[in-house]
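What follows is a short report on a single structure.
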Amino acid sequence: MSLKAITANRLIDGIAVWLTPAGRWSESVYDARVAEDADSLTAMEAIAADATKACTVVDALPIDVKLEDGLPVPTKNKERIRALGPTVRLDLGKQADRLGKAA
Amino acid sequence: MYRYDEFDETLVKERVAQFRGQIARRLNGELTEEEFKPLRLMNGLYLQIHAYMLRVAIPYGTFNAKQMRMLAHIGRKYDKDYGHFTTRQNIQFNWIKLEDTADILEDLATVEMHAIQTSGNCIRNTTADPYAGAAVDEFEDPRIWAEVIRQWSSFHPEFSFLPRKFKIAVTGAPNDRAAVRVHDIGLTIKKNAAGETGFEVMIGGGQGRSPFIAKTISEFVPRDNLLSYLEAILRVYNMLGRRDNKYKARIKILVHEVGIEEIRRLVEAEWENLKGETSVDLPAEERDRIAAYFRAPSFETLADTDTGYEARRFEDRDFRHWVRSNVVAHRQPGYAIVNISLKPTGGIPGDISGDQMDAVADIADAYALDSEIRATLQQNLVLPHVKLSDLPAVYDKLAAAGLATGNIGLAGDIIACPGLDYCNLANARAIPIAQQISDRFADLNRQYDIGNLEIKISGCINACGHHHVGHIGILGVDRKGEEHYQLTLGGRADDAAAIGEITGPGFSADGIIDAVDNVVETYLSLRQDPAERFIDTLERVGHTPFKENLYGPKAA
């Protein structure tokens with residue numbers, strides 16, 4: 001099985017979020033819990049289902065990730081753009097927050 | 001312009017209150033996402049890649065300075081200080097919070113705007129010629145009928161759950177600027193041999209994964225019977241349209257599978273039942289009441305030209321070029337139609353900042369009769385009634401706001417959908433391709449030399465970027481995780497509407513820019529003279545020389 005993370009949109013504002021090892025939802029993909037096997041993924045999906053039922057998130061689903069410098073990074077274009085922001089507006093989205101923090 | 005009456009006002013206010021309650025019930029868990037999704041979509045609220053996206057209706061693309069300022073306010077207060085004009089004469093905001101949405105709709109309602117029926121399987125915003133009421137070639141103002149259709153179709157109980165979404169476009173001019181032949185229903189106002197006004201009715205046009213040019217179902221429907229005839233079409237579609245497969249649910253598939261003759265027979269039979277005293281057809285006094293909202297503004301009696309304007313045109317090359325590409329003759333002497341390009345070189349097609357929205361509103365208040373503004377299918381704006389003598393001032397103020405790019409109808413006036421940068425459905429990015437092509441053709445003199453050229457880009461087969469009807473069309477696809485781009489040539493959305501043909505194998509993201517350049521250079525080498533447009537040269541010489549230059553002699 002390829003490495004997986006669980007992503008979703010936060011219900012109240014639609015912001016893309018990722019399930020963390022602590023069972024919370026982070027706005028940064030780098031905080032995502034990574035499943036290396038089916039059992040781990042099943043456990044994460046159960047947490048996501050509870051969060052969906054609790055109206056914390058919507059559209060939770062597993063995505064493929066890889067590790068870069070020990071941090072999870074989505075492998076597909078769409079998920080990379082979700083994790084960063086529009087490639088045509090680097091001042092918007094999560095990339096802007098990171099650039100802002102770095103500055 | 002149309003003004004809300006007490007019924008419109010009440011309807012919109014009630015709808016905002018209703019949606020506010022639905023949002024609260026969703027947030028407290030009374031409604032599941034499955035239950036809530038169709039409700040939010042009916043209020044124009046999508047969940048996209050980064051956040052919720054709100055699509056606000058601009059009925060037949062007509063609005064005013066006050067409404068534009070409200071859109072700027074929405075962008076500033078609830079979004080990220082910009083909006084995106086779409087290919088459906090609407091505007092979208094990309095970073096909306098669910099918890100803010102009812103407040104946004106309440107703000108919009110204060111200026112007679114809403115997001116009703118901008119999504120869902122209902123009759124969507126009826127679109128029209130953006131030059132309505134101003135064009136030299138116009139036969140009758142299509143907005144009157146677009147408004148009639150809006151009132152008939154809003155909350156129509158029978159047509160709120162159609163097999164699929166349904167789009168109607170109206171033009172009142174022989175030169176089709178409303179793309180009526182690529183809509184579910186296209187209407188062209190005309191007169192019959194007896195001199196009576198009516199409509200040529202076309203059905204089954206559309207783009208998406210199965211593009212079709214609409215077929216004429218009736219050469220002439222008397223204007224007094226328009227609504228009953230539309231109702232007959234919708235009723236036949238509602239009964240026979242497929243609900244088992246969303247990709248085959250549009251009326252274009254029904255027309256294609258059943259045949260226009262059989263559809264015509266069914267519609268005519270249904271129409272016979274719908275006509276008469278109990279029909280939905282408008283009484284003449286009601287039609288006249290609506291038409292009164294669209295009476296021509298109070299034009300002054302002016303000369304055909306203006307010395308100050310002519311002097312500036314003589315002295316200022318940039319102004320002269322802007323006039324040549326962005327200003328169109330008006331039916332009223334001494335006035336002009338001003339196009340505002342939302343396609344600056346290397347910019348994002350259709351995007352406009354809050355400050356720019358305010359600038360357009362200020363310009364409309366100062367120089368456009370009735371402060372009127374139009375949104376176009378090409379993701380641009382129009383000031384329909386401007387005095388020739390005011391053109392220099394309008395140009396200067398647009399230039400100060402970064403809105404005076406003189407490229408309407410040229411290579412830089414590219415349509416592009418939001419693509420993978422924003423849209424959940426997209427397979428590839430469209431905006432960066434538009435930006436790179438725009439940069440490649442940044443030299444306006446080169447654009448003027450090339451002449452009319454419509455480049456249209458979609459990031460998926462749903463074709464929101466209208467690539468099927470681009471002179472040069474580009475479709476982004478995902479090929480094994482890589483963005484890849486198919487090229488089509490020969491599409492057009494005007495009165496000679498046609499679907500473009502794929503040239504051959506697709507191109508990489510870098511390769512597609514060179515391919516477009518290659519096609520343009522081939523055209524320049526083949527045209528008989530500078531007056532022969534790209535689309536005319538292509539039709540004269542065929543696709544073969546273009547394919548040979550793209551892929552080599554054997555490939556063609």
Side-chain angles (χ1 to χ4, degrees), chain A residues 2-18 25-29 45 48-61 63-66 68 73-100, chain B residues 23 25-34 36-37 40 45-54 78-82 84 94-101 346-349 351 416 418-436 459 476 478 481-483 509:
Chain A
S2 59
L3 300 181
K4 303 277 187 188
I6 299 261
T7 188
N9 290 84
R10 203 159 49 206
L11 175 66
I12 198 164
D13 57 10
I15 297 296
V17 289
W18 291 264
W25 296 90
S26 170
E27 293 187 26
S28 172
V29 70
E45 287 176 323
D50 287 345
T52 301
K53 206 170 174 183
C55 297
T56 306
V57 297
V58 288
D59 291 355
L61 80 167
I63 59 165
D64 292 334
V65 294
K66 61 183 178 183
E68 284 182 3
V73 176
T75 59
K76 297 208 164 57
N77 283 339
K78 177 178 171 182
E79 290 304 325
R80 277 200 295 268
I81 292 170
R82 279 184 85 237
L84 291 172
T87 64
V88 293
R89 287 290 303 264
L90 300 182
D91 58 324
L92 300 179
K94 299 167 196 311
Q95 60 202 355
D97 296 340
R98 270 175 223 147
L99 290 171
Chain B
I23 292 170
R25 289 163 63 206
R26 174 68 186 110
L27 291 174
N28 71 21
E30 284 179 55
L31 291 175
T32 65
E33 185 62 15
E34 192 180 10
F36 180 66
K37 186 175 176 180
R40 70 167 159 76
L45 191 66
Y46 289 72
L47 184 54
Q48 295 286 24
I49 284 182
H50 307 294
Y52 291 96
M53 179 273 279
L54 182 68
Y78 302 105
D79 202 87
K80 294 188 184 291
D81 200 13
Y82 73 106
H84 174 77
N94 289 307
W95 303 88
I96 295 298
K97 295 175 182 169
L98 178 60
E99 60 181 343
D100 288 340
T101 307
I348 298 175
D351 273 15
L420 196 56
D421 278 299
Y422 291 99
C423 178
N424 242 334
L425 300 174
N427 295 317
R429 290 174 295 164
I431 296 169
I433 303 302
Q435 290 176 302
Q436 289 174 64
D478 180 299
E482 294 291 323
E483 291 168 307

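Order of the sequence lines sets the chain letters (A, B, ...), proteins ahead of strands, with each chain counted from 1.
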_chain A interface, residue from B/Met53, B/Lys97, B/Glu483, B/Gln435 that has the most non-hydrogen pairs under 4.5 Å_ =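 Heavy-atom pair counts peak at B/Lys97.
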
*Count the heavy-atom pairs under 4.5 Å between each of B/Thr32, B/Asn28, B/Asn424 and chain A, then report the option with the highest count.*
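Highest number of heavy-atom pairs under 4.5 Å: B/Asn424.
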
With a 4.5 angstrom heavy-atom cut-off, which part of [X] approaches chain A: side chain, backbone, both or neither?
{"X": "B/Tyr46", "answer": "neither"}
{"X": "B/Ile23", "answer": "neither"}
{"X": "B/Ile49", "answer": "both"}
{"X": "B/Leu27", "answer": "both"}
{"X": "B/Gln48", "answer": "backbone"}

_Residues in side-chain hydrogen bond (donor to acceptor under 3.5 Å, both in side chains) contact with A/Glu45, at least two apart in sequence or another chain_ =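 A/Glu45: no side-chain hydrogen bond (donor to acceptor under 3.5 Å, both in side chains) contacts found.
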
*Excluding sequence neighbours, so at least two apart, what forms side-chain hydrogen bond (donor to acceptor under 3.5 Å, both in side chains) with B/Lys80?*
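Once residues adjacent in sequence are excluded, B/Lys80 has no partner under the side-chain hydrogen bond (donor to acceptor under 3.5 Å, both in side chains) criterion.
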
_Those residues that, when tested against B/Ala426, pass side-chain contact (heavy atoms from CB on, under 4.5 Å) (two or more places apart)_ =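 Result, side-chain contact (heavy atoms from CB on, under 4.5 Å) vs B/Ala426: B/Leu420, B/Cys423.
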
Output the distance between atom [atom1] ([X]) and atom [atom2] ([Y]), rounded to the nearest 0.5 Å.
{"X": "A/Lys76", "Y": "B/Asp478", "atom1": "NZ", "atom2": "CG", "answer": "9.0 Å"}
{"X": "A/Arg82", "Y": "B/Tyr422", "atom1": "CZ", "atom2": "OH", "answer": "15.5 Å"}
{"X": "A/Leu92", "Y": "B/His50", "atom1": "CG", "atom2": "NE2", "answer": "8.5 Å"}
{"X": "A/Cys55", "Y": "B/Glu30", "atom1": "SG", "atom2": "CD", "answer": "10.0 Å"}
{"X": "B/Glu33", "Y": "A/Thr52", "atom1": "CD", "atom2": "OG1", "answer": "9.5 Å"}

_At under 4.5 Å between heavy atoms, what parts of residues 8-17 of chain A are in contact with chain B? List them by residue number._
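From residues 8-17 of chain A, the residues near chain B are A/Asn9, A/Arg10, A/Leu11, A/Ile12, A/Asp13, A/Gly14, A/Ile15, A/Ala16.
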
*Taking the side chain as C-beta and beyond, is there a heavy-atom pair between A/Val58 and B/Arg26 under 4.5 Å?*
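Yes, side chains in contact.
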
*Just by distance, with hydrogens left out, do A/Lys78 and B/Asn427 show a side-chain donor and acceptor under 3.5 Å apart?*
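Their side chains do not contain a donor-acceptor pair, so the 3.5 Å distance test is not met.
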
